[in-house]
Amino acid sequence: MTVLEDLKTLTGQSESILNIYIRRADTAIKNYLNVTDNVKVETTYPDAVIEYVTECLSKKGNESIKQFTQGSRQGIYVDGLTEDVKALLPLPFVRMMG
């Protein structure tokens, strides 16, 4: 199965919405890893892409909120990649200057 098919099964969202989030995941993960465009994030790190997209969907509509409280529940939204996504990725590549 592809990442898109897995996400459709998990979330029930439309293909067009999922493609937008997959594209955002690709950009965010490439930026985190310091890699160029020749890496296919969706096939190399499919679990990280799925985790990123499902996290984005869960906070959809609350993008500008950094912290929330609902009764006794509290939470904080993280900008960028969460620790859960980073745990599914290798350490970032170091670029040499010069």
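Below, each value reflects all heavy atoms present in this structure, side chains not excepted, and no hydrogens, waters or symmetry copies.
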Donor-acceptor list for residues 2-13 side chains, cut-off 3.5 Å, not counting sequence neighbours:
{"residue": "T2", "atom": "OG1", "partner": "E5", "partner atom": "N", "Å": "3.2"}
{"residue": "E5", "atom": "OE1", "partner": "T2", "partner atom": "N", "Å": "3.1"}
{"residue": "K8", "atom": "NZ", "partner": "E15", "partner atom": "OE1", "Å": "3.2"}
{"residue": "T9", "atom": "OG1", "partner": "E5", "partner atom": "O", "Å": "3.0"}
{"residue": "T11", "atom": "OG1", "partner": "L7", "partner atom": "O", "Å": "2.6"}
{"residue": "T11", "atom": "OG1", "partner": "Q13", "partner atom": "N", "Å": "3.2"}

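The shortest non-hydrogen separation linking Y32 to P90 is CE2-O, 4.0 Å.
For K30, the side chain to side chain contact (heavy atoms under 4.5 Å, CB included) partners two or more places apart in sequence, or in a different chain, are D26, V35, D37, V41. In this structure A25 satisfies the side chain to side chain contact (heavy atoms under 4.5 Å, CB included) test together with V49, Y52, V53, sequence neighbours excluded. Applying the side chain to side chain contact (heavy atoms under 4.5 Å, CB included) rule to N38 yields the partners T36; only residues at least two apart in sequence or on another chain are considered. Residues meeting the side chain to side chain contact (heavy atoms under 4.5 Å, CB included) test with D84, sequence neighbours left out: E51, E55, T82. Annotation: side chain to side chain donor-acceptor pair (under 3.5 Å) contacts of E42 (sequence neighbours excluded): none. S16 is linked by a side chain to side chain donor-acceptor pair (under 3.5 Å) to S14, counting only residues two or more places apart in sequence or in another chain.
Residue L81 is grouped with residue F93 when hydrophobic side chains (ILVMFWY) are merged at heavy-atom distances under 4.5 angstrom, including chains of intermediate members.
Although no hydrogens or angles enter the test, the distance criterion places no donor-acceptor pair under 3.5 Å between the side chain of N34 and the main chain of V94.
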V85 vs L88, side chain to side chain contact (heavy atoms under 4.5 Å, CB included): CA-CA, chis, key distance, verdict: CA-CA 5 Å; V85 176; L88 297 168; 5.7 Å; no
